[in-house]
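Comments concern the structure below.
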Amino acid sequence: MVLRITNTLSRQKEDFVPVDPKHIRFYVCGPTVYDYAHIGNARPVVVFDVLYRLLKTLYPRVTYVRNITDIDDKIIDASQKSGDEIGSLTTKFAEIFHQDMNELNALSPDVEPRATDHIPEMFEMISSLLESGHAYEAEGHVLFCVRAMESYGQLSRHSRDELVAGARVEVAPYKKDPADFILWKPSTKEQPGWDSPWGRGRPGWHLECSAMSAKHLGKTFDIHGGGQDLIFPHHENEIAQSVCSHGGAPFVKYWMHNGYLTVDGEKMSKSLGNFHTVRDLLNHTPGEAIRLALLSAHYRQPIDFSLPALNEAKNGMDRLYTALRISAHTKADRILGADVQQALEDDINTPQAIAELHRLASLLNKNPNDGATKGALLGGGEILGLLQQNPESWFKWGASDIDDAEIEALIVKRKEARDAKDFTESDRIRDELAAAGIVLEDNASGTSWKRS
RNA sequence: GGCUCGGUGGGAGAGUGGCUAUCCAGAGGAUUGCAAAUCCUUGUACGCCGGUUCGAAUCCGGCCCGGGCCUCCA
């Protein structure tokens, strides 16, 4: 079986044929660091992390690039509101982003370029576009001229003529056509800026990804991912900039886009108050449960995120970890089973892969000494970025009024009561622990416990 | 209006031209001092109408309903 992925360019599932099978290169649009990451930001990170892990098992070398946008008008606004300098603001939120994504078991990309480190590359790209007649200067701005690109609109299937003809917002007076977009814009004295051949200013939003992907992956590379909402205009404009500044060289072979995340059935937004930051969720749910929730629907489907859904994901992880706990003394070598691999090779079908994990868990529950099954469960978990800790620490995760030593002491007391057939006392202790959120499980090897 | 993605059992959510998805919840049973966990058994399903086919929830056409995008957005 070969890897198959749905390519937004064709809207079809295609066999993945690498540009260079010895070296896979892919790029995902990363965060704009001006605030805490929300759960919607986490979805592409987690989804493309699974793709990254899969590619690494299939090919000898993979370079994964995910940028950090550290110059943007939203950042400027946040800086003015908070009074923090832009540099310290972006450093702070980039660090928070890293911590949060680490809690979700997302691997670091191989390269994590920052926009502000690539201003010279952006200059180069703008110059090239001006020279080739794909861009023009107007009132301190440099704009991409959509009319100069015959194939503009292919990814989003927008007709260039329609985009040129109609616009639903007021068109800036310096634009030749409403669909033209900014490559470089002037900065006031208060705004951050760089001296450029076109005056002091800052880059337009789309430019950085074109400049950074070319620098770190080359003009033509395999996969570019991001959220569905980036198809237009962001990715469409990336294609325009890259193709036109690279003499028509193909840009990206496979475009992948993850679906939207809603919260309680409604689009997440600050005004609706249904806004979950990853950090908030991590305060009362372990990262792997959040990760499972994000992977429980196929990446292209919309996913509704809610606290009950999150709780169900937690239960799902509990079930998988229970099988590992039952087989704790079984030696196993981690191995990626064929069923999990095939599920993921089929357009990253994570729900199918998770179902396979559950099948393996059932097998292991029936036969805890089966090292091969345990190895397959661990290996399948690994490629999904799940089951990365030992079961005991999983079940002891969380805070309660009672600490581990007290729990253990009460369990010893309960055992003494049970040995003496004093079930009134042993049940009283169990109830006391239950009231504190501790659930006991008696089994052949003794009593284990977990925080519920 | 243009583009686009969907409508599967109580809930979540895959998949396939004919064969149990899986998980949660429900029912019954095994096990247990009683539980918990686990195991076994178990009900209700593929929006509507046509067509192709020996056979369609799965392919084709039409219709109904819902979501998203159309220059802030993962």
Side-chain angles (χ1 to χ4, degrees), chain A residues 8 11 28-32 37-48 72-74 77 146 153 155-159 162-163 166-169 171-172 175 178-182 204-206 225-234 236-237 257-262 265-270 292-294 296-298 300-304 306 308-309 311-320 322-323 325-326 343 346 349-359 361-362 364-368 418 421-424 426-427 430-431 434 439-444 447-450 452:
Chain A
T8 306
R11 319 273 157 159
V28 172
C29 290
T32 301
H38 59 66
I39 187 65
N41 299 126
R43 189 176 191 194
V45 173
V46 167
V47 162
F48 291 111
D72 175 273
D73 286 1
K74 289 195 294 290
D77 289 348
V146 165
L155 182 71
S156 58
R157 306 206 167 173
H158 283 129
S159 144
E162 277 173 15
L163 287 169
R168 63 171 190 172
V169 293
V171 178
K175 286 189 179 182
D180 291 349
F181 58 90
I182 287 176
W205 171 39
H206 315 299
Q228 243 163 32
D229 49 325
L230 294 181
I231 294 173
F232 189 89
H234 185 53
E236 197 68 76
N237 291 348
H257 292 97
N258 63 274
Y260 250 114
L261 181 144
T262 57
E266 289 183 302
K267 184 168 170 173
M268 184 168 60
S269 74
K270 286 181 177 172
L292 182 70
L294 291 172
S296 65
H298 184 87
R300 288 180 29 253
Q301 294 299 120
I303 193 169
D304 188 49
S306 63
N311 192 47
E312 216 178 277
K314 166 73 163 57
N315 289 341
M317 287 311 303
D318 281 349
R319 183 166 187 276
L320 299 175
T322 296
R325 182 186 235 183
I326 286 173
D346 184 13
N349 192 336
T350 52
Q352 183 75 46
I354 291 164
E356 180 59 24
L357 255 42
H358 279 289
R359 271 191 215 102
S362 293
L364 198 55
N365 283 331
K366 277 180 263 190
N367 190 357
R418 290 181 74 210
K421 306 277 187 215
D422 182 358
F423 295 121
T424 310
S426 71
D427 288 354
R430 188 170 64 195
D431 291 345
V439 177
L440 300 188
E441 292 173 17
D442 297 327
N443 49 56
T447 298
S448 55
W449 62 273
K450 63 187 180 188
S452 61

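Chain naming here is simple, since letters A, B, ... match the order of the sequence lines and numbering starts at 1 in each.
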Exercise. For atom P, what is the distance between B/A30 and B/G13, given to the nearest Å?
Worked result: 35 Å
Exercise. Just how far, in rounded Å, is P of B/G13 from NE2 of A/H298?
Worked result: 13 Å
Exercise. Whole Å only: how far is the CG atom of A/N349 from the C1' atom of B/U16?
Worked result: 13 Å
Exercise. Expressed in angstrom and rounded to an integer, what is the separation of A/N237 atom CG from B/C73 atom P?
Worked result: 10 Å
Problem set entry | Distance, P atom - from B/U58 to B/U52, rounded to whole angstrom | 15 Å
Exercise. When the distance from CZ of A/R300 to C1' of B/C5 is rounded to whole Å, what number comes out?
Worked result: 8 Å
Heteroatom pairs (N/O) under 3.5 angstrom, protein to nucleotides 57-59 of chain B:
none

For this session: Sugar-phosphate means primed atoms, P, OP1 and OP2; the rest is base. With that split, encode nucleotides 24-36 of chain B 5' to 3' as B, S or - using protein heavy atoms under 4.0 Å.
Result: S--------BBBB
Problem set entry | Rounded distance (nearest 0.5 Å) linking atom CZ of A/R418 with atom OG of A/S426 | 6.5 Å
Exercise. Distance between the C1' atoms of B/U53 and B/G18, in whole angstroms?
Worked result: 12 Å
Could you list all N or O pairs between the protein and nucleotides 2-4 of chain B that sit under 3.5 Å apart?
| residue | atom | partner | partner atom | Å |
| --- | --- | --- | --- | --- |
| B/C3 | O2' | A/S156 | O | 3.3 |
| B/U4 | OP1 | A/R157 | NH1 | 3.3 |

Exercise. Now, which nucleotide makes the Watson-Crick or G-U wobble pair with B/G6, with each of the two distances under 3.5 Å?
Worked result: B/C65
Seminar exercise, completed: Rounded to whole Å, the CG-P distance (A/D73 to B/C73) equals 11 Å
For this session: For A/N349 and A/Q352, indicate whether the former's side chain and the latter's backbone hold a donor-acceptor pair under 3.5 Å.
Result: yes
Exercise. So, is A/N365 close to the B/U38 phosphate, meaning a side-chain N or O under 4.0 Å from OP1 or OP2?
Worked result: no
Exercise. Expressed in whole Å, how much space separates the C1' atoms belonging to B/G9 and B/C3?
Worked result: 33 Å
For this session: Quick one: look up who B/U20 pairs with, Watson-Crick or G-U, both distances under 3.5 Å, and put none if it's unpaired.
Result: none
For this session: Give me the ring orientation class for A/H158 and A/F232: parallel if the planes are under 30° apart, tilted from 30 to 60°, perpendicular past 60°.
Result: perpendicular
Exercise. Which whole number of Å gives the distance between the C1' atom of B/G61 and that of B/C69?
Worked result: 27 Å
For this session: Nearest whole angstrom, please: distance from the C1' of B/A12 to the CG of A/N311.
Result: 13 Å
For this session: If B/U44 has a Watson-Crick or G-U wobble mate with both distances under 3.5 Å, name it; if not, just say none.
Result: none
